[in-house]
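Whatever order the structure lists them in is the order used to number ligands and atoms, beginning at 1.
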Amino acid sequence: MSEKIGFVGLGIMGSGMARNLLEKGHDVTVWNRTRSRTEELAAAGAVAADSPKDVAASCGITMICVSDTPDVEAVLHGDEGILAGLSAGDLVIDHSTISPSATLRFAAQVEDAGASWLDAPVSGGSEGAARGTLSIMVGGDDAQFDRAAPYLEAFGTTITHVGPIGSGQLVKLVNQILVVGTQLAVSEALLFAEAGGLDLEKTLSAVKGGAAGSWMLANRGPQMIVRDWRPGFTIDLQQKDLRLVLEAADELGSPVPGTSLVFQMYRALQRRGFGGEGNHALVKALEEMSGLELGG
Ligand code: NAP
């Protein structure tokens with residue numbers, strides 16, 4: 001039997017995900033703090049609720065996709081929050097990227113209401129949300145994963161049940177460590193090529209198919225060599241995720257020297273006003289230090 005799906009948080013990611021649920025024929029109720037953002041989805045057939053509480057009260061499954069840990073806290077708690085509307089047997093799925101340890105706390109609060117929790121952060125950017133091709137890493141128990149899977153398939157193509165509650169968020173942070181480590185390597189390599197007087201386009205073609213190839217090199221390399229800093233993912237959002245990595249690594253006692261370095265480089269770029277640029281603008285920090293300029 002098909003369940004009613006609630007969606008709380010219609011930003012860049014949430015609006016695409018909710019639209020895909022509607023397009024696959026699901027019964028969707030939405031809420032967003034800025035109400036005007038619900039209009040397009042309401043026109044496409046969604047019900048616009050007055051509060052997160054009303055979403056949870058009218059739906060068996062409530063999905064959340066808001067910015068950060070305090071924002072998940074805000075939509076869960078209070079007189080108008082999701083917790084106030086939950087019934088026994090309901091399911092809350094959090095698609096936001098937030099703290100793994102806060103996730104355990106939120107899940108326990110939801111379980112106190114007799115409901116269940118899955119943490120299901122996503123990767124694949126705004127394009128993935130719009131096209132329904134996201135990667136989704138899910139933490140929670142088997143039965144709830146099986147219950148959620150048909151709905152997650154509306155906007156995800158790689159859906160992996162990675163372990164118990166909290167492990168979805170941890171895997172998302174693993175993803176972010178890999179993203180910024182690769183970004184630093186691509187930045188260093190391209191600036192080195194520039195210093196050596198190489199043709200940057202030919203250099204990219206020569207190395208991208210070999211052992212050094214990566215998504216970052218293939219997709220952001222061509223943007224970097226023509227100094228196109230338009231964001232797929234902004235430095236400001238990347239920094240939020242790196243803060244989560246550094247906090248979790250501290251709690252776990254796991255060393256992350258490379259990620260710490262990139263965090264400080266992005267911080268310097270934020271101070272210079274580059275927070276709205278794509279995360280591949282990391283190379284600008286090396287340019288500042290060296291006086292070299294990519295494509296210069
Ligand atoms: P976004 O476009 O900035 O949207 C943020 C959403 O959260 C908006 O709906 C906003 O409501 C809502 N929100 C923020 N604070 C709130 C609060 N205190 N109370 C209620 N609602 C609040 O962000 P996004 O790009 O969709 O990202 C959402 C999540 O997905 C983040 O955790 C992000 O890290 C993750 N993510 C993003 C990408 C990406 O490429 N963008 C990729 C993977 C994962 P308003 O409309 O009222 O501001």
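Residue contacts with ligand 1 for E127 are absent, since no atom lies close enough (heavy atoms, distance under 4.0 Å). Residue-level proximity to ligand 1 for T97 is carried by backbone and side chain together, each with a heavy atom below 4.0 angstrom.
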Kindly indicate, with the supporting measurements, whether the criterion ring-ring contact (aromatic ring centres under 6.0 Å, His included) is fulfilled by H95 and F155. CA-CA 12 Å; H95 293 293; F155 47 78; 5.3 Å; yes
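Remark: among candidates I12, I64, V8, N279, the nearest residue to atom 1 (P) of ligand 1 is I12, based on non-hydrogen atoms. For atom 5 (C) of ligand 1, the candidate residues are G14, G81, S67; the nearest heavy-atom contact is made by S67.
There is no side-chain donor-acceptor pair under 3.5 Å between E247 and S99. Side-chain N/O atoms of D236 and T234 include no donor and acceptor closer than 3.5 Å. Residues Q169 and D119 bring no donor and acceptor atom of their side chains to less than 3.5 Å of each other. Donor-acceptor pairing under 3.5 Å is lacking for the side chains of R267 and Q270.
The pair R105-E73 meets the salt-bridge criterion, with a side-chain N (NZ, NE, NH1 or NH2) lying under 4.0 Å from an Asp/Glu carboxylate O.
The protein atom (non-hydrogen) at minimum distance from atom 22 (C) of ligand 1 is R33 CZ, 3.8 Å.
The contact set between ligand 1 and S96, taken as ligand atoms under 4.0 Å from a residue heavy atom, comprises 32 (O). For ligand 1, the atoms lying closer than 4.0 Å to a non-hydrogen atom of K172 are 43 (C), 44 (C).
Of the N or O atoms in V122, none lie within a sub-3.5 Å distance of an N or O in ligand 1. The shortest N or O to N or O distance between L10 and ligand 1 is below 3.5 Å. In terms of polar-atom proximity, defined here as any N/O pair under 3.5 Å, D68 makes no such contact with ligand 1. Where the criterion is an N or O separation shorter than 3.5 Å, residue side chain and backbone included, L237 fails it with respect to ligand 1. At least one N or O atom of N32 sits closer than 3.5 Å to an N or O atom of ligand 1. On a distance-only criterion, H95 and ligand 1 share no N/O pair closer than 3.5 Å. Ligand 1 has no nitrogen or oxygen under 3.5 angstrom from a nitrogen or oxygen of W31. Note: an N/O pair closer than 3.5 Å links G11 and ligand 1 by distance alone. Ligand 1 has no N or O atom lying under 3.5 Å from any N or O atom of G124, backbone or side chain.
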